[in-house]
Amino acid sequence: MRASSLFSAAVLLPQAFGQLGTLAKAKGLAYFGSATEIGELTDTAYKAIISDNTEFGQITPGNSQKWDTTEPTQGSFSFTNGDVITALAAKNSQLLRCHTLVWHSQLPSWVSGGTWTNATLTAVMENHITKVMEHYKGQCMHWDVVNEGFNDDGTYRTSIFYTTIGEAYIPLAFKAAAAADPAAKLYYNDYNIESSGAKSTATQRLVKSLKAQGVKIDGVGVQAHLIVGLTPSLAAQTANLEAFTALGVEVAYTELDIRHRSVPASTKQLATQANDYANTFNACLAVDACVGLTIWDWTDKYSWIPTFFPGQGQACLYNEDFTKKPAYHAVVNVLGGSASATKAAGSSYVEASS
Ligand SMILES: O[C@@H]1[C@@H](O)[C@H](O[C@@H]2CO[C@@H](O[C@@H]3CO[C@@H](O[C@@H]4CO[C@@H](O)[C@H](O)[C@H]4O)[C@H](O)[C@H]3O)[C@H](O)[C@H]2O)OC[C@H]1O
């Protein structure tokens, strides 16, 4: 059991009672946080809530540190957008998860459509990692070094990196990352690794292989873009996290959202979603080396889901109008708070009827 979970949050932190970030820390997690992006920060009501470090003790830039933003043309780096998010974290004393260095998606065409040899693409990849990490050196608690390297069947995903460099692109990326910012924790991050299966097994193989080669890897990021009613059980999620931590790495839920496959959701579906969120939080709390959870934005107003999965949505803890869902209250409960105290302490936030 985590040492700090022996104490009640109500006893330790009465003034912040009911706030998710504060409650998560009182339960022994390093953080609870959310993705955010610069466009959203022009919404003053949104900005006030994401800036509340008792609610969100950590933030992740949803897009601003991706390759197409940071190195849109070869050798020409732009940190303008990412710096807005890192400055927000610093101003609000929030931890920062940095996302992401090597990914098949959101690549500029000069990378994805370039003509490369193993040597030239390796040099380009290493230079990208080095320059981006050096810029943010000392600011990133975690870096998602490689994102989504596997297919669901556990084979390597075809990407410009895999087809040009082969499996070696992953250890090469982690080595470059370790050299660029030795203090940052280095993560492999993927989806559909929330329970056992071919992709989770492949990820475990990767961790073992990196460790056997003496390559630094500190954590596995379990994205957890889940579906209401189809999320793995608490036991399945816990066993899966433990399979990773048994290999000597920490784990984190890095992009949690739980979407309804059709919207608007019924009262019953919202209750199922609340139960699903509770299971994932409970799984993290059950595993000592599960360090935290990040939701992939906190309000349906800015969720990526409806754009990528048309017809689906309402995946976040807060509704579009910033009222709280049953899932929010379920999370408060799991983290040892109480709904009535949440309402009293969170007076600037409006309650949804559920
Ligand atoms: O503004 C948005 C960003 O928010 C967005 O961020 C990425 C979202 O998630 C990560 O990549 C996606 C993970 O989910 C995959 O689909 C899964 C397919 O299998 C299903 O079972 C599962 O439920 C789904 O989640 C997507 O294909 C991936 O793209 C990625 O790490 C984030 O950076 O990126 C696009 C921006 O426009």
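Numbering of ligands and ligand atoms starts at 1, following listing order.
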From Asn279 atom CG to Leu234 atom CG, the distance as rounded to the nearest 0.5 Å: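 If we round to the nearest 0.5 Å, Asn279:CG and Leu234:CG are 5.0 Å apart.
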
Between atom CD of Gln312 and atom CD1 of Ile305, what is the distance when rounded to the nearest 0.5 Å?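 One finds 7.5 Å between CD of Gln312 and CD1 of Ile305.
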
Within 45 degrees of the axis of the six-membered ring of [Y] and under 6.0 Å from its centre: does [X] put its NZ or CZ there?
X: Arg205; Y: Phe150; result: no
X: Lys199; Y: Tyr191; result: yes
X: Arg157; Y: Tyr162; result: no

Proximity winner for atom 26 (C) of ligand 1, if only heavy atoms of Phe308, Tyr302, Trp304 are counted: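 Among Phe308, Tyr302, Trp304, the closest heavy atom to atom 26 (C) of ligand 1 comes from Trp304.
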
Compute the centroid of each ring, for Trp67 and then for His104, and state whether the two points are separated by less than 6.0 Å.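 For Trp67 and His104, the ring centres are not under 6.0 Å apart.
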
Aromatic contact between Phe32 and Phe281, with the criterion being ring centroids under 6.0 Å apart: yes or no?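 When the ring centroids of Phe32 and Phe281 are compared, they turn out to be within the sub-6.0 Å range.
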
Identity and separation of the nearest protein heavy atom to [atom]:
atom: atom 19 (O) of ligand 1; result: Asn192 ND2, 3.3 Å
atom: atom 13 (C) of ligand 1; result: Gln223 OE1, 3.1 Å
atom: atom 35 (C) of ligand 1; result: Gln106 OE1, 3.2 Å
atom: atom 24 (C) of ligand 1; result: Phe309 CZ, 3.7 Å
atom: atom 30 (C) of ligand 1; result: Glu255 OE1, 3.4 Å
atom: atom 29 (O) of ligand 1; result: Trp103 CZ2, 3.9 Å
atom: atom 18 (C) of ligand 1; result: Tyr191 CE1, 3.5 Å
atom: atom 25 (O) of ligand 1; result: His225 CB, 3.1 Å

Donor-acceptor pair, [X] side chain versus [Y] backbone, under 3.5 Å?
X: Lys325; Y: Gln314; value: yes
X: Tyr188; Y: Gly149; value: yes
X: Ser303; Y: Thr299; value: no

Consider every N or O of [X] and every N or O of ligand 1, then say whether any pair is closer than 3.5 Å.
X: Asn63; value: yes
X: Lys66; value: yes
X: Asn189; value: no
X: Asp152; value: no
X: Glu148; value: yes

Which ligand 1 atoms are under 4.0 Å away from a heavy-atom of [X]?
X: Arg259; result: 23 (O)
X: His99; result: 31 (O), 32 (C), 33 (O)
X: Trp296; result: 3 (C), 4 (O), 5 (C), 6 (O), 7 (C), 8 (C), 32 (C), 33 (O)

How are the rings of Phe79 and Phe77 set relative to one another: parallel (under 30°), tilted (30 to 60°) or perpendicular (over 60°)?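 Ring orientation of Phe79 relative to Phe77: parallel.
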
Is there a heavy atom in Glu37 that sits closer than 4.0 Å to ligand 1?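 No.
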
Glu71 and Lys131: salt bridge (Lys or Arg N to Asp or Glu O under 4.0 Å), yes or no, with the steps? CA-CA 9 Å; Glu71 194 183 2; Lys131 292 288 188 328; over 6 Å; no

For ligand 1, indicate whether the residue His104 contacts it via side chain, backbone, both or neither (heavy-atom separation under 4.0 Å).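 For His104, no heavy atom sits under 4.0 Å from ligand 1.
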
Asn147 contact mode with ligand 1 (heavy-atom cut-off under 4.0 Å):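 The answer is the side chain of Asn147.
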
